[in-house]
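Some notes on the structure that comes next.
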Amino acid sequence: MFHLQEKQIQTVVRECVRVRYNVEVDIAIEQPKQSSFGELALPVAFQLAKSLKQAPKKIAADLVAAIGTIPGVSGLEVAGNGYINVRLDRSTYGYSLLHPEPETTAGDTGKTIVEHTNINPNKAAHIGHLRNAVLGDTFVRMLRALGHRVEVQNYIDNTGVQVADVVVGFHYLERQTPAQVAQLLQSDDPDARPFDYICWDLYARTSQYYKDNPEALKWRAETLHSIEAGHGELAEMAHLVADAIVNAHLATMLRLNIQYDVLPRESEILHLQFWAAAFALLKERKAIYFENEGKNSGCWVMPSSAFRGEGDANEDSKVIVRSNGTVTYVGKDIAYQLWKFGLLGKDFHYKPLIRYTDGHEVWVSIAEPQPRPAPEFGKAARVYNVIDTRQSYLQDVVVAGLRALGFEDQAQRSVHFSYEMVALSPRCCADLGIELSVEDARRPYVEVSGRKGLGVKADDLMDKLVESALHEVASRHPEDNPAAQRAVAVEIAMGALRYFLLKFTRNTVIAFDFQEALSFEGETGPYVQYAAVRAGRILKKLEERGETLPDFRAELSPEAIGRQLENEDCWQVLLAASKAGAALERAVTAGEPAHVARYAFQLAQEFSNFYQRFKVLDEPDRGRRTFLLWMTEFFALQLQRTLAILGIAVPAYM
RNA sequence: GCGCCCGUAGCUCAGUUGGAUAGAGCGGCUGGCUUCGAACCAGUAGGUCGGGUGUUCGAAUCACUCCGGGCGCACCA
């Protein structure tokens, strides 16, 4: 495929430069501005111009003469003021696509852990959480497509302040017993408000209550204490709430086809003394010290020099253990990060939590040994933490912790896979009936706030998308049965949502807008799905006409392929489709799922154009028709592959 | 105050890590359905890449600076 051809050309040119000029240089390969310039462009002459003190144009000309011929390349030409443009031999290239060599899989480089989602289990998920999960899940799919071994973790903070606040709401504000809350969970009433929605409201109410009655904060302290001690009504309620919300989140994410391998929970980090082990290590290696003076007196702190860059005037150390002896979030996160690399000398116990319909099981951490043996979790070679950019500072501290402990390698392989937040556009707030302060109304966007209950719930958005898609499907295919219509609508809706969240690069703030998110036209998931569906339709229609797919390998000779590929439009579609692997590699290197999404869109565009131009099934020339059918099949395969990486389904029809 | 991110067409965004005449989608205007179904295609208008200085063969991209916007900088998570 394309990247193999690229590599071959790089090798030949690098060798030629080495022999001729005695210089080692990385050969950059670009896409020419215009397709008429050829398929690849080498700016190598520019790179060499300075050291050789020669005009780029001359170097390029000399190189072209020196290189001679490269397998699979029909011509090299000097263009502009020193580009070397490469034209591929279309016949050879096309033929190699029809007879692909088996992919060589890279050797096992160890396990990669990707941690994502990580929603506080105290309320329904919102669109910000969706961005996290979709980015994380897509990155996982990208890595797996390249043959990496990946473990997906979703960290559950089931003992934190946020859960405590909902418990406070149930216990003190609503006067509910654990039994009553449990009953709420078992309600069979389909019209009942979902539990995670109830908690969403209650959390906002409790937060407001604190604001109006600051003395109520003692309830929170009391609840946290009870949770930590592990017994009493409040602790019972906390587990009830957290477990139920975790289930709700898993269900929400499953709608988007997002699955996990293991859910490490904060409760086990506490009970299994993970922190104690990490604390001992940090003290022993002098990564933290006991502060005797100043505002942090009585705390164990990490010196600012460990995680601040030079030139950062902020001298504040980071508190790891509070003066009352309790550990901060960062401390626990250091312990967790150590465990991920197998550096803690401790492990969780595990039990299976749920089994997805495809048979895959999610495991959850638990304090006591279990009868059923679990797969091996943790002990990774690389770790990606998918967390929004607002937590960069804390992530830096965690990595600094590893480094201070002497785990330099692991520190380098701890990647904060950061992304910008999803905010609400002013118009979106208006749609939701949210009143903004004069100050907020002037802003380009407004931050989502769980505390204020300000946000778009993930399930609401998905429901809206499904309804909208269903409306379209029903109007286009009124004859089909409702269940099938809905199944297609769901696939379209989820495709639209995933694409919408992926098309922005990671450090772009998404100002969420219903009109854009609900669009099924233009650069959207459904557009891409539509192209895949149309390709499939052609092949299916062929069968309906009583024909079978030709044996392409038997019928298409290199000469025949070369002849057909003289057509520029055909060549461009085939070329674009053959770049799926190259696009994926580039996207993984850049750590940018958006690149895969954009590639899928470009490919779909190429095909839509092709579809309009060539009536494949009506093509009278037999040889040409066979060729067009092959192109259709090849395109369909590559797009399916790419959509699978994006987690987007190809519907049966549209 | 310090640190990080952003500023590209009316709007929302890309821009392969410094390369050729800066690209998409939406919106605007023109055309195209006799079912491989138009959730589509073709065409068109629209740009001082926030401003300035510099680095070099070459800058939207790098450096410095100014302007404008966002987010961090807790004994909260």
Side-chain angles (χ1 to χ4, degrees), chain A residues 28-34 37 41 43 46-47 49-50 55-56 79-83 85 120 157 160-162 266 295-296 298-301 308-309 311-316 318-324 326-330 332-333 388-394 396 418 420-421 423 425 443-445 447 469 472-473 476-477 492 496 503-505 507-511 513 515-516 519-524 526-527 529-531 533-542 544-545 582-583 586-587 589-590 592 594-595 598 601-602 605 608-609 611-618 632 653-654:
Chain A
I29 293 200
E30 293 164 14
Q31 183 103 351
K33 271 281 175 234
Q34 294 173 29
F37 289 166
F46 298 115
Q47 290 169 259
K50 196 166 192 183
N81 37 15
Y83 273 99
N85 287 337
N120 271 306
D157 181 5
V161 173
Q162 298 213 12
E266 179 127 309
K295 61 173 181 174
N296 293 335
C299 300
W300 285 89
V301 302
R308 300 277 193 180
D312 189 330
N314 195 330
E315 292 296 325
D316 281 358
K318 180 70 194 171
V319 172
I320 305 296
V321 180
R322 302 180 187 106
S323 53
N324 67 6
T326 58
V327 58
T328 60
Y329 160 76
V330 181
K332 281 180 279 195
D333 217 21
D388 79 73
T389 183
R390 287 171 291 189
Q391 306 219 34
S392 295
Y393 166 67
L394 294 170
D396 287 348
S418 70
E420 268 291 356
M421 63 178 169
S425 70
R443 292 161 175 267
Y445 45 74
E447 209 170 332
E472 295 291 326
V473 172
R476 284 159 216 254
H477 302 275
I492 292 169
K503 74 175 178 182
F504 300 93
T505 50
N507 54 13
T508 297
V509 177
I510 299 180
D513 185 290
Q515 198 169 308
E516 278 180 61
S519 167
F520 296 150
E521 287 164 20
E523 197 198 336
T524 65
Y527 175 94
Q529 290 174 311
Y530 191 53
V533 167
R534 295 220 278 195
R537 283 303 270 186
I538 296 175
L539 302 173
K540 199 183 276 173
K541 210 85 185 178
L542 185 77
E544 284 171 18
R545 292 187 189 181
R586 254 197 272 271
T589 306
E592 198 58 271
H595 291 349
R598 295 203 103 92
F601 176 66
Q602 280 165 17
Q605 267 185 319
S608 295
N609 177 296
Y611 182 89
Q612 196 80 22
R613 214 170 199 100
F614 300 97
K615 299 294 160 197
V616 177
L617 295 180
D618 296 337
T632 303
Y653 60 82
M654 280 181 78

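Lettering of chains follows the sequences in order, A, B, ..., and the numbering in each one begins at 1.
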For [N] and [M], measure between their [atom1] atoms and round to the nearest Å.
| N | M | atom1 | value |
| --- | --- | --- | --- |
| B:C36 | B:C26 | C1' | 28 Å |
| B:G72 | B:U8 | C1' | 26 Å |
| B:G23 | B:A9 | C1' | 10 Å |
| B:U16 | B:C73 | P | 32 Å |
| B:G18 | B:C11 | C1' | 30 Å |
| B:C66 | B:U48 | P | 26 Å |
| B:C6 | B:G50 | C1' | 11 Å |
| B:C71 | B:G31 | P | 47 Å |

5' precedence on RNA chain B between A:His595 and A:Glu472 (nearest-nucleotide basis):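 So the residue in question is A:His595.
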
Where each residue is assigned the nucleotide of RNA chain B containing its nearest heavy atom, which of A:Tyr611 and A:Asn507 is assigned the position nearer the 5′ end?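 That would be A:Asn507.
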
Pairing partner (Watson-Crick or G-U wobble, both distances under 3.5 angstrom) of [N]:
| N | value |
| --- | --- |
| B:A63 | B:U53 |
| B:A42 | B:U30 |
| B:U16 | none |
| B:C2 | B:G72 |

Under 4.0 Å between a side-chain N or O of [X] and OP1 or OP2 of [N]?
| X | N | result |
| --- | --- | --- |
| A:Ser608 | B:A38 | no |
| A:Arg534 | B:A38 | yes |
| A:Thr505 | B:A14 | yes |
| A:Gln605 | B:C41 | no |
| A:Arg443 | B:C71 | yes |
| A:Tyr530 | B:A39 | yes |
| A:Asn120 | B:A77 | no |
| A:Tyr527 | B:C41 | yes |
| A:Lys33 | B:A20 | yes |
| A:Arg476 | B:G37 | no |

Checking all strands, does [X] fall into the base, sugar-phosphate, or nothing category for heavy-atom contacts under 4.0 angstrom?
| X | answer |
| --- | --- |
| A:Thr632 | nothing |
| A:Phe520 | base |
| A:Gln31 | base |
| A:Val616 | base |
| A:Tyr445 | sugar-phosphate |
| A:Val473 | base |
| A:Ala535 | nothing |
| A:Lys295 | base |
| A:Ile320 | nothing |
| A:Phe504 | sugar-phosphate |
| A:Ile492 | base |
| A:Glu523 | sugar-phosphate |
| A:Pro56 | nothing |
| A:Asn85 | base |

Working to the nearest 0.5 Å, report the span between [atom1] of [X] and [atom2] of [Y].
| X | Y | atom1 | atom2 | result |
| --- | --- | --- | --- | --- |
| A:Thr632 | A:Leu539 | OG1 | CG | 6.0 Å |
| A:Leu617 | A:Arg545 | CG | CZ | 4.5 Å |
| A:Phe504 | A:Glu592 | CZ | CD | 12.5 Å |

Is there a donor-acceptor pair closer than 3.5 Å between any side-chain N or O of A:Ser323 and the backbone N or O of A:Cys299?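 The answer is no, because no donor-acceptor pair under 3.5 Å joins these two groups.
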
Ignoring hydrogens and angles, tell me if any N or O in the side chain of A:Lys332 forms a donor-acceptor pair with the backbone of A:Glu266 under 3.5 Å.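 No: the side chain of A:Lys332 does not pair with the backbone of A:Glu266.
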
Counting heavy atoms from C-beta on, name the nucleotide in B:A77, B:A24, B:A39 closest to the side chain of A:Asp157.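 Out of B:A77, B:A24, B:A39, the nucleotide with an atom closest to A:Asp157's side chain is B:A77.
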
As a test of the definition: with a 90° window around 0 for syn, would you call B:U35 syn or anti?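 In terms of base orientation relative to the sugar, B:U35 is anti.
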
Heavy atoms only: give me the nearest A:Glu523-A:Arg598 pair and the separation to one decimal.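 Looks like OE1-NH2, 3.3 Å.
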
Quick one: closest heavy-atom pair of A:Asn324 and A:Thr326, and the distance?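 That would be OD1-OG1, 2.7 Å.
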
Under 5.5 Å centre to centre and under 30° between planes: does that hold for A:Phe37 and the six-membered base ring of B:A20?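 A stacking contact exists, since A:Phe37 sits close and nearly parallel to the base ring of B:A20.
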
Side chains of A:Tyr530 and A:Ser608: donor-acceptor distance under 3.5 Å anywhere?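 No, no side-chain donor-acceptor pair sits under 3.5 Å.
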
Taking the side chain as C-beta and beyond, is there a heavy-atom pair between A:Val509 and A:Met421 under 4.5 Å?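 SC-SC contact between A:Val509 and A:Met421 confirmed.
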
